[in-house]
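Have a look at the structure below before the remarks.
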Amino acid sequence: MRPRKSVKKNTSDDKTARVVRAIRAIPAGKVSSYGAVARAAGWAGAARQVVQILRKVHGLPWQRVVGSGGAIKLPGESGAEQRIRLRMEGVTFRGARVDMKQHEHKFGRSRRKSKG
DNA sequence: AGGGTGACGATCA
DNA sequence: ATGATCGCCACCC
């Protein structure tokens, strides 16, 4: 038997693809954290890789990914811009952090369409 | 191959 | 809340 390819690869590219999908799944007005995105992509513990992907892949709603607890981790002006962008999307803050109670995005579990 | 690094995260003081 | 530490993972020299 040769290794099953179509089951689940785990190349860096595939993981990246999953992270990208997770990030793109965050709607405007919502945010998620680096760690949460990593887990949603089936890659627990890869918060730092989420950052790398965030920097590498262009066209992502990067402002919607914040630190644990809603902290803005981007330094300097970039951080200021992130706040502005989020506020423009309707995200509210609780001091220096995003009000996660209201804006934390919950990722779905590969849900099939359900009957209503 | 080994060591330094980073938009991290959880924990401890 | 702040600062130090340790764990984590891939990337870069």
Side-chain angles (χ1 to χ4, degrees):
Chain A
M1 297 272 280
R2 61 177 164 65
R4 189 102 350 192
K5 246 172 122 189
S6 12
V7 174
K8 190 148 266 184
K9 282 204 297 191
N10 243 351
T11 66
S12 192
D13 277 351
D14 291 323
K15 289 187 256 182
T16 295
R18 293 202 295 277
V19 168
V20 168
R21 285 176 82 68
I23 293 171
R24 291 184 72 81
I26 306 171
K30 292 285 183 177
V31 305
S32 189
S33 68
Y34 304 99
V37 167
R39 299 193 325 195
W43 197 10
R48 315 191 76 134
Q49 279 49 252
V50 170
V51 170
Q52 286 188 162
I53 291 163
L54 229 25
R55 295 182 59 106
K56 175 178 182 179
V57 181
H58 294 278
L60 292 177
W62 59 270
Q63 70 272 32
R64 295 177 198 156
V65 187
V66 299
S68 181
I72 298 298
K73 307 294 281 194
L74 217 47
E77 283 186 55
S78 303
E81 181 173 345
Q82 182 169 27
R83 289 181 64 128
I84 292 169
R85 281 174 175 252
L86 289 176
R87 294 196 68 137
M88 286 195 299
E89 295 186 346
V91 174
T92 59
F93 287 74
R94 190 74 174 120
R97 345 201 234 178
V98 170
D99 186 342
M100 296 305 264
K101 280 294 199 289
Q102 288 200 108
H103 306 290
E104 180 173 39
H105 172 63
K106 274 90 175 168
F107 289 97
R109 294 279 203 141
S110 305
R111 284 256 189 265
R112 290 286 203 163
K113 69 160 176 207
S114 48
K115 260 185 45 166

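Letters A, B, ... are given to chains in the order of the sequence lines, protein chains preceding strands, and every chain is numbered from 1.
- Within 4.0 Å of S33(A), counting heavy atoms only, lie sugar-phosphate atoms of the nucleic acid but no base atom.
- Smallest separation of non-hydrogen atoms from Y34(A) and V51(A): CD2-CG2, 3.6 Å.
- Protein atom OH of Y34(A) is 17 Å distant from nucleotide atom C1' of dA10(C), rounded to whole Å.
- When the side-chain nitrogen and oxygen atoms of T16(A) are compared with OP1 and OP2 of dA10(C), none of them lie within a distance under 4.0 Å.
- Going from atom CZ of R48(A) over to atom P of dA10(C) covers 12 Å, rounded to whole Å.
- Regarding D14(A), its CG atom lies at a distance of 13 Å from the P atom of dA10(C), rounded to whole Å.
- Q49(A) places its CD atom 14 Å from the P atom of dG6(B), with the value rounded to the nearest Å.
- Taking a 6.0 Å sphere around CZ of R85(A), one finds it holds more than 12 heavy atoms contributed by other residues, nucleotides or ligands.
- The CZ-C1' distance, from R18(A) to dC9(C), rounds to 14 Å in whole Å.
- Nearest to the side chain of W43(A), among dG9(B), dA7(B), dA10(C), sits dA10(C).
- Checking L74(A) against R39(A), the closest nucleotide of DNA chain B that is more toward the 5' end is the one next to L74(A).
- Along DNA chain C, the nucleotide nearest K56(A) and the nucleotide nearest R97(A) are compared for position; the residue whose nucleotide lies closer to the 5' end is R97(A).
- Look at CH2 on W62(A): it is 10 Å from C1' on dA7(B), rounded to the nearest Å.
- Checking dC11(C), dA10(B), dC8(B) against every side-chain atom of S68(A), the shortest atom distance belongs to dA10(B).
- In this structure, I53(A) places its CD1 atom 14 Å from P of dC8(B), rounding to the nearest Å.
- Considering only the side chain of S12(A), dC11(C) comes nearest among dC9(C), dA7(B), dC11(C).
- As a whole-Å value, the separation of R94(A) CZ from dA1(C) C1' is 15 Å.
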